[in-house]
Peer 1: 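Quick one: the structure is below, questions incoming.
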Amino acid sequence: MAILTAAVVVLTALALFNLVLTMALVRRLRRVESTGHRGSLPAFPDLERLPAGRAVPEFTATSATGAEVSSRERVGDRAVYAFFDTDCGICKKQLRPLVEFAADAGLAPEQVIAFIGHENPDADVDAYTSVLENRATIVMQSLDDEVGRAFSPGGVPAVVLADADGIIVRSGVEVEDLATAFAGA
């Protein structure tokens, strides 16, 4: 009988401990939602491989329209470099915010360069290009190509804001990570 009583006491203590941890988790999630992040986590710090203060890497690429795009052309203008992949579900969700950010910031399509990886032949490339067309310069290159190796963001999505001197002001995985930094760029 003593063993049964001890087992009930231990199980009750474990259940109460589990309940306290669950309530703490729920409270934390509610606090994150109430800060205006619409259920997502708060803004990430700069990407480790693309910290603020670093110069934009030198690159030359060809856009989807056949025009040459290079980092040297962007010196003198603020620019956003965005990296996506057609196999990335989260990337697709960042397209509209990128377009809205560019419009709100008054950026010309030449100042918003979107690098789209498309390794999967079954991927819906049109879902990306149709949103970005005439709103960004589209370059069909993956992270394994020249530009991806030059920037080496570490994954997708990745967005980088550079000032007119070609210096990275902010980087992150969501477009909203750039919004506050843009005012000071």
Side-chain angles (χ1 to χ4, degrees), residues 32 35-38 40-86 88 90-118 128-185:
V32 167
T35 59
H37 293 288
R38 297 177 305 279
S40 66
L41 295 176
F44 289 92
D46 281 341
L47 296 173
E48 186 176 313
R49 296 180 181 180
L50 295 166
R54 176 181 163 191
V56 171
E58 293 274 334
F59 73 87
T60 302
T62 304
S63 74
T65 62
E68 185 176 284
V69 179
S70 76
S71 54
R72 281 176 258 110
E73 291 176 352
R74 297 288 40 98
V75 174
D77 288 326
R78 295 185 284 189
V80 174
Y81 303 92
F83 297 86
F84 303 112
D85 193 282
T86 54
C88 168
I90 297 170
C91 293
K92 204 174 204 177
K93 295 177 183 175
Q94 291 300 308
L95 297 175
R96 292 266 178 232
L98 178 65
V99 168
E100 291 168 5
F101 172 76
D104 292 346
L107 296 174
E110 305 82 47
Q111 292 175 274
V112 181
I113 298 103
F115 300 96
I116 302 173
H118 59 294
Y128 287 76
T129 57
S130 64
V131 173
L132 297 172
E133 194 171 36
N134 299 320
R135 296 179 180 110
T137 301
I138 301 169
V139 178
M140 302 304 287
Q141 283 195 358
S142 72
L143 293 181
D144 296 330
D145 292 330
E146 176 193 348
V147 177
R149 287 191 307 270
F151 275 87
S152 65
V156 290
V159 287
V160 177
L161 172 64
D163 65 13
D165 296 323
I167 303 298
I168 296 173
V169 176
R170 183 80 166 92
S171 64
V173 295
E174 294 184 354
V175 174
E176 75 178 35
D177 293 342
L178 306 182
T180 54
F182 186 78

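Side chains included, hydrogens not; waters and symmetry mates left out as well; all remaining heavy atoms used. It should be emphasised that the depicted structure is a prediction, and the values quoted were computed from it without experimental measurement.
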Peer 1: Is the backbone of Cys91 close enough, under 3.5 Å, to the side chain of Gln94 for a donor and an acceptor to pair up by distance?
Peer 2: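 No, Gln94 side chain to Cys91 backbone: no donor-acceptor pair under 3.5 Å.
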Peer 1: Thr129: which residues meet the side chain to side chain donor-acceptor pair (under 3.5 Å) condition with it, sequence neighbours left out?
Peer 2: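 Thr129: no side chain to side chain donor-acceptor pair (under 3.5 Å) contacts found.
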Peer 1: Might you confirm whether atom CZ of Arg96 has over 12 heavy atoms from other residues, nucleotides or ligands at distances under 6.0 Å?
Peer 2: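 Counting other residues, nucleotides and ligands, CZ of Arg96 stays at 12 neighbours or fewer.
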Peer 1: To the closest 0.5 Å, what do you measure between CE (Met140) and OG1 (Thr62)?
Peer 2: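 Atom-to-atom, Met140:CE and Thr62:OG1 are 13.0 Å apart.
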Peer 1: So which atom in Glu58 and which in Arg72 form the shortest heavy-atom distance, rounded to 0.1 Å?
Peer 2: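 Distance-wise, the nearest heavy atoms are OE1-NE, 3.1 Å.
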Peer 1: Are any side-chain N or O atoms of Thr60 and backbone N or O atoms of Ser70, one a donor and one an acceptor, separated by less than 3.5 Å?
Peer 2: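 Pair absent, no side-chain N/O of Thr60 close to backbone of Ser70.
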Peer 1: Look at the side chain of Asp165 and the backbone N and O of Ile167, then say whether any donor-acceptor pair between them is shorter than 3.5 Å.
Peer 2: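 No, because the side chain of Asp165 does not come within donor-acceptor range (under 3.5 Å) of the backbone of Ile167.
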Peer 1: With sequence neighbours left out, what residues match Arg149 under salt bridge (charged side-chain N to carboxylate O under 4.0 Å, His left out)?
Peer 2: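 Not a single residue meets the salt bridge (charged side-chain N to carboxylate O under 4.0 Å, His left out) criterion with Arg149.
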Peer 1: Do Val69 and Val147 pass the side-chain contact (heavy atoms from CB on, under 4.5 Å) test, and can you show the C-alpha distance, the side-chain angles, and the key distance before you say yes or no?
Peer 2: CA-CA 11 Å; Val69 179; Val147 177; over 6 Å; no
Peer 1: Starting at CG of Leu95, measure out to CG of Leu132 and round the result to the nearest 0.5 Å.
Peer 2: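 Between atom CG of Leu95 and atom CG of Leu132 there are 5.0 Å.
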Peer 1: If I compare all heavy atoms of Pro157 with all of Val173, which pair ends up nearest, and what's the gap?
Peer 2: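 Closest approach of Pro157 to Val173: CG-O, 3.3 Å.
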Peer 1: Applying salt bridge (charged side-chain N to carboxylate O under 4.0 Å, His left out), name anything that partners Glu133, two or more places apart in sequence or on another chain.
Peer 2: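 With sequence neighbours excluded, Glu133 shows a salt bridge (charged side-chain N to carboxylate O under 4.0 Å, His left out) to no residue whatsoever.
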Peer 1: Sorted by first residue and then second, give each ring-ring contact (aromatic ring centres under 6.0 Å, His included) pair with at least one member in residues 155-175; sequence neighbours left out.
Peer 2: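 Counting only pairs at least two positions apart or across chains, no ring-ring contact (aromatic ring centres under 6.0 Å, His included) contact touches residues 155-175.
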Peer 1: Listed by chain and number, what are the salt bridge (charged side-chain N to carboxylate O under 4.0 Å, His left out) partners of Arg74, not counting sequence neighbours?
Peer 2: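 Arg74 satisfies salt bridge (charged side-chain N to carboxylate O under 4.0 Å, His left out) with Asp77 once adjacent residues are dropped.
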Peer 1: Show your reasoning for whether side-chain contact (heavy atoms from CB on, under 4.5 Å) applies to Leu98 and Val131.
Peer 2: CA-CA 10 Å; Leu98 178 65; Val131 173; over 6 Å; no
Peer 1: If we ignore hydrogens and angles and just use 3.5 Å, is the side chain of Gln141 paired with the main-chain N or O of Phe115 as donor and acceptor?
Peer 2: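 No: the side chain of Gln141 does not pair with the backbone of Phe115.
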Peer 1: Grab the two heavy atoms, one from Ser63 and one from Thr65, that are nearest each other, plus how far apart they are.
Peer 2: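 So the two residues come closest at OG-OG1, 2.8 Å.
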Peer 1: Can you see which heavy atom on Phe101 is nearest to which on Val80, and at what distance?
Peer 2: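 What the structure gives for the nearest pair is CE2-CG2, 3.7 Å.
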Peer 1: Tell me if a side-chain donor or acceptor on Ser71 pairs with a main-chain N or O of Val56 at a distance below 3.5 Å.
Peer 2: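 Not confirmed, Ser71 side chain does not pair with Val56 backbone.
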Peer 1: Can you tell me how far CG of Leu161 sits from CZ of Arg170, rounded to the nearest 0.5 angstrom?
Peer 2: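 Going from CZ on Arg170 over to CG on Leu161, the span is 9.5 Å.
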Peer 1: Quick check: closest heavy atoms across Tyr128 and Cys88, and the distance to 0.1 Å?
Peer 2: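 Looking at all heavy atoms of both residues, the shortest contact is OH-O, 3.1 Å.
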Peer 1: Which heavy atom of Val139 sits nearest to which heavy atom of Ala61, and what is that distance?
Peer 2: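 Result for this residue pair: CG1-CB, 3.8 Å.
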Peer 1: Which residue pairs satisfy the ring-ring contact (aromatic ring centres under 6.0 Å, His included) criterion with at least one member in residues 141-179, sequence neighbours excluded?
Peer 2: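 For residues 141-179: Phe59-Phe151, Tyr81-Phe151, Phe83-Phe151.
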Peer 1: At what distance, to the nearest 0.5 angstrom, does CD of Glu73 lie from CD of Glu110?
Peer 2: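 Result: 9.5 Å between the selected atoms.
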